[in-house]
Structure formats: structure tokens, C-alpha cells
Amino acid sequence: MTKVYPNANLAALTIPAAATARAASRPDDSAGLEALTVWRKSLLLSCKGFTVYDSRGNLVFRVDSYSARRGDEIVLMDASGKPLLTTRRKQRLILGDSWQVFDGETAVNPRFTARKQSNLPNRKCLAQVSCGSGSPSPSPSPSPSSSSSWRRGSGGGGRSQLAYEIEGSYGQRGCAIYDEKRRVVAEIQRKESFGNDVFRLVVQREMIDTEVAMTLVILLDQMFGSSSGRFSS
């Protein structure tokens with residue numbers, strides 16, 4: 001057993017040494033590609049949550065006090081504990097629950113809204129994410145820019161442009177995140193021999209911010225974390 005975050009001054013938590021070695025020996029494939037190791041465990045022994053490390057074993061994101069029973073508000077923090085994005089559950093609907101994501105710990109002008117799509121005929125579609133507070137447009141127009149499309153959404157009401165669509169199986173840790181042009185901007189991938197609690201998040205940094213990609217992982221865990229075998233691709 002060995003530390004995964006040798007440069008972080010935090011309480012000692014460990015995961016299998018093989019996972020650390022594999023992350024450190026697999027550098028980013030290109031200048032715009034970042035491979036993160038996501039561990040579904042809080043840094044605080046009394047809490048649930050996530051810890052996220054880069055390919056060098058440095059802590060980059062953390063989520064503490066995460067609980068399925070109190071999952072209506074989840075805060076993504078950086079390594080020092082600064083709040084980056086907060087996910088809040090908006091509605092519980094028969095045809096698809098929805099969540100909103102805000103900057104820091106604010107509660108106004110949501111950056112985007114995510115809707116669970118488990119009951120649609122297209123079973124591969126897990127969730128759709130729209131800019132701002134509105135629902136995704138059924139026929140989004142192409143965006144003139146390829147990076148962080150959700151930033152362009154208005155914080156006001158009304159319908160908003162589709163920003164991301166997520167397909168695959170979160171239970172099997174095999175998901176692709178598409179932007180409005182149907183380009184893969186991030187992927188969730190299994191880590192062999194580590195079950196579902198340790199997996200990879202591969203991010204195209206020129207197309208989506210890493211904190212946004214991790215927030216989408218948190219959303220998927222809220223939507224499908226308790227039904228790991230249900231949405232097989």
C-alpha cells in the first residue's frame with residue numbers, strides 16, 4: 001500500500017500500490033489530453049466522497065461528506081479545499097430527475113442543468129446537460145467555439161443550448177461525454193483489477209475543463225451510483 005498524493009499535506013490514505021504505479025507510468029497521451037485517477041472515497045475517514053489524482057499522483061480534486069441520503073448538494077473542491085462547483089438536485093421526476101451546477105457555493109445563476117435520461121428509448125443516453133437553467137433544445141445549433149461550451153449559457157430562465165450528452169454505462173465505468181457537435185470531450189474508463197471504486201477520467205482539456213468533467217462524474221454517480229448493473233452498454 002502506498003500514497004497516491006505524495007505532494008499533498010493531508011491525512012494518510014492509501015490505495016493499492018499497483019494503481020499508483022500505473023497512473024504514474026501512463027503520462028498524458030498529448031498536450032491536450034489529461035488522464036485522472038478517480039477514487040470513490042473521501043479523504044476524511046468518517047465521510048464518503050471522491051478523491052482525484054493526476055498522472056503524477058498529485059491530488060487535484062476532492063469531495064467530502066458525500067452521502068446518498070444527503071445527496072441534494074455536492075461540492076467539488078480543489079486540493080486545498082476551495083469550493084469550485086456545487087451540484088444541487090433540482091427536481092425528482094418520473095421521466096427524469098434533474099440537477100443544477102453553480103460556481104463555488106453560490107445558489108443563483110446556474111452554469112448548467114443536467115437531466116437523467118434513463119427512461120428514454122435510447123438506453124445508451126444516460127444524461128443530457130444544457131447551458132444555464134433551461135432544458136436542452138431539441139435541435140441545438142452548432143457552436144462557433146469548441147471549448148467549454150457550457151460557459152456560453154445564460155444564467156436566466158428559458159430554454160438553453162445542449163452542451164453535453166453522456167452515453168454508455170456508469171455502472172460498468174464505461175462512458176463517453178459528447179459536446180454539442182458530437183465530439184468526445186471526456187471518457188470514463190475502467191481500471192483493470194480495481195473494481196468500480198477506482199477508475200480513469202480522460203479529459204480533452206481543450207474542449208472541456210477538468211473540473212466540469214469531474215462534476216459530470218459526480219452527477220452520474222448521483223443518477224446511477226446505486227444501480228451499477230442497470231445501464232449496461
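Basis for what follows: all heavy atoms, side chains included, without hydrogens, waters or symmetry-related copies. Residue indices begin at 1 and follow the sequence shown.
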To the nearest 0.5 Å, atom CD of E73 lies from atom CD of E105 at 7.0 Å
My understanding is that only residues two or more places apart in sequence, or in another chain, count here; which of them pass side-chain contact (heavy atoms from CB on, under 4.5 Å) with A127? I166, M223
At their closest point, which heavy atom of F199 faces which heavy atom of Q189, and how far apart are they? CB-O, 3.3 Å
Run the salt-bridge test on R183 and D179 with the 4.0 Å N-O cut-off and return the result as yes or no. yes
Nearest 0.5 Å, please: how far is CD in E187 from CZ in R173? 15.5 Å
Any Lys/Arg nitrogen of D54 or R56 sitting under 4.0 Å from an Asp/Glu carboxylate oxygen of the other? yes
Residues L126 and S169: closest non-hydrogen pair is CD1-N, 4.2 Å
Spatial distance of atom OG1 (T37) from atom CG (L59) [nearest 0.5 Å]: 11.5 Å
Can you check whether G104's main-chain N or O pairs, donor with acceptor, with T86's side chain at less than 3.5 Å? yes
When hydrophobic residues are tied together by side-chain contacts of less than 4.5 Å, even through go-betweens, does I208 share a cluster with F102? no
Nearest heavy-atom approach of L220 to C175 is CD1-SG, 4.2 Å
Among residues at least two apart in sequence or on other chains, which ones pass side-chain contact (heavy atoms from CB on, under 4.5 Å) with V101? L85, T87, F112, T215, L219
Which pair of heavy atoms, one from K116 and one from W99, lies closest together, and at what distance? CB-CZ3, 4.1 Å
Going by heavy atoms in the side chains, are M214 and V38 under 4.5 Å from each other? yes
Check the pair V52, L201 against side-chain contact (heavy atoms from CB on, under 4.5 Å), reporting the backbone distance first and the verdict last. CA-CA 9 Å; V52 184; L201 175 61; 5.8 Å; no
Any residue meeting side-chain contact (heavy atoms from CB on, under 4.5 Å) with D197, in chain and number order, not counting sequence neighbours: R40
I'd like to know if Y178 and L162 are part of one continuous hydrophobic network [Ile/Leu/Val/Met/Phe/Trp/Tyr, side-chain heavy atoms within less than 4.5 Å]. no
With a 4.5 Å limit on heavy-atom distance, are the side chains of V63 and I218 in contact? yes
Beyond-backbone contact of Q204 with L33, side-chain heavy atoms, under 4.5 angstrom: yes
Smallest separation among heavy atoms of M207 and V184, with atom names: SD-O, 4.2 Å
Atom of L84, atom of F61 and distance for their closest heavy-atom approach: CD1-CE2, 3.6 Å
From M77 CE over to T51 OG1, what is the distance, rounded to the nearest 0.5 angstrom? 11.0 Å
Do V212 and V60 sit in the same hydrophobic cluster, where Ile, Leu, Val, Met, Phe, Trp and Tyr count as joined when their side-chain heavy atoms come under 4.5 Å apart? yes
Could you tell me whether the side chain of N196 and the main chain of G171 form a donor-acceptor pair under 3.5 Å? yes
One thing to verify: whether R182 and E165 come together as a salt bridge, which I'm taking to mean a side-chain N less than 4.0 angstrom from a carboxylate O. yes
Nearest 0.5 angstrom please: Q128 CD to E167 CD, how far? 9.5 Å
Verify same cluster id: L43, W39 (apolar side-chain graph, 4.5 Å): yes
Hey, could you give me the OG/NZ distance between S42 and K48, rounded to the nearest 0.5 Å? 11.0 Å
Is a side-chain donor or acceptor of D78 paired with a backbone partner of S80 at a separation under 3.5 angstrom? yes
Check whether any side-chain N or O of S133 sits under 3.5 Å from a backbone N or O of T113 as a donor-acceptor pair, and report yes or no. no
